[in-house]
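Only one structure is covered here, and it is reproduced in the block below.
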There are 2 protein chains.
Amino acid sequence: MDAAEIRQFLEGSGLRCTPQRFAVMAFLTEHNRHATAAEIFEAVNRVDPRSSRATTYNNLRDLVQAGLVREVAVEGRGARFEAIGVPHHHFVCDHCGNVEDLEWYDVPKPAGGSLGKRVVRECELIFRGLCSNCAQRSASG
Amino acid sequence: MDAAEIRQFLEGSGLRCTPQRFAVMAFLTEHNRHATAAEIFEAVNRVDPRSSRATTYNNLRDLVQAGLVREVAVEGRGARFEAIGVPHHHFVCDHCGNVEDLEWYDVPKPAGGSLGKRVVRECELIFRGLCSNCAQRSASG
DNA sequence: GAAGTTTTTAGACTATATCTAATCTGAGAT
DNA sequence: ATCTCAGATTAGATATAGTCTAAAAACTTC
């Protein structure tokens, strides 16, 4: 996603393309990691050193509401965010806590009537275990 | 799980069965909800009004390490915990934030070599959408 | 019942997130 | 161009979540 696309996305959602908001979105699309609010704030701060924490949180809330960003569900302190791009699943390392993306594939929904009257919007698959690095380290250590 | 079983579980994991630790475990097994640390602390506090927040956190950490309790991955402030019992998946309501259990069924692992050298310990499936209550309310409202 | 270990406690401290009121910005109207 | 005003941003106070410390208490073992 390049700068012009980000601008279009924001304005298409009724959000002004402010420098701070743009910086949040740009950071999230560039680094497809699962950034904490602190990391995102730091990135916005590189663009404008006078920017406020509140703005980063406000913008993250707006972007999540607009459907451009997703809050990732992981245990541990501090929310994590990612730009909504190619769908994928997640792998969380027990040891180092890193979150990695796994290729998307369809997951079967619960069978029969067990969903009851619930309405499913999306589904996320989280694997847990040891990432490549930690697995090798624990094998050789 | 009754009182004697909880005691056995704790001692089998090398943990003393203290009143506070017992209270944490008992609350989590009774209420198979996905309790926040604050709710658990409140429950422990009903048993012993002088108990400390730190103790609840210590005990939750110990119980997670011992494999009797799991920290549930959900977005939002405040970690949530559940006793490890029958395996199940989760449904998170977009609207009210409640976490509900869904019947367990096997989920296919990523195909081929896409896991690389990762070692998978467990897998969790999270559905998101509207719970029965919120779905009905939004349909009729 | 003494000695040593584990656990708990109170409260300070750190980290994370939100709120408030004042100020600033920019896109459309003129 | 510049006025206007809703939407955005700011600093800093406040709220919420979690951790740490040192001392006291509660068990275990002898």
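In what follows, chains carry the letters A, B, and so on, assigned in the order in which the sequence lines appear, proteins first and then strands, with residues in each chain numbered from 1.
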So where does chain A start and stop touching DNA chain D, 5' to 3', when the test is distance under 4.0 Å to a non-hydrogen atom?
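Using the under 4.0 Å cut-off, the span is D/dA6 to D/dT19.
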
Would you please name every residue forming a ring-ring contact (aromatic ring centres under 6.0 Å, His included) with [X], sequence neighbours left out?
X     : value
A/H34 : A/H90
A/F81 : none
A/F27 : A/H31

Distance in angstrom units between B/E11 CD and C/dT7 C1', rounded
14 Å

Could you check whether atom CD of A/E103 has more than 12 heavy atoms from other residues, nucleotides or ligands sitting under 6.0 Å from it?
no

CZ (A/R121) with more than 12 external heavy atoms under 6.0 Å:
yes

Which ones in residues 40-51 of chain B lie close to DNA chain C, meaning a heavy atom under 4.0 Å from one of its atoms?
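DNA chain C contact set from residues 40-51 of chain B: B/D48, B/R50, B/S51.
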
Going by chain and number, the hydrophobic cluster around B/L130 (ILVMFWY, side chain to side chain under 4.5 Å) further includes A/V119

When the axes are fitted on five pairs at both termini, how much does the helix from C/dG1-D/dC30 to C/dT30-D/dA1 curve, in 10° steps?
30°

Using a strict 4.0 Å threshold on nitrogen-to-oxygen distance, state whether A/E122 and A/R70 make a salt bridge.
yes

Is any side-chain N of the basic residue among A/R128 and B/E124 closer than 4.0 Å to the acidic one's carboxylate O?
yes

Any residue meeting side chain to side chain contact (heavy atoms under 4.5 Å, CB included) with [X], in chain and number order, not counting sequence neighbours:
X      : answer
B/P108 : A/Y105, A/P108
B/E39  : B/R33, B/A35, B/T36
B/R118 : A/F91, A/E100, A/L102, A/S132, B/L115
B/N58  : B/R61

Flag, side chain of A/S52 to backbone of A/A54, donor-acceptor distance under 3.5 Å
yes

Heavy-atom protein contacts under 4.0 Å, nucleotides 14-25 of chain C, coded B base, S sugar-phosphate only, - none:
-SSSBB-----B

Need one value for A/T55: base, sugar-phosphate or nothing, where a base atom within 4.0 Å counts as base even if backbone is also close, heavy atoms only.
base

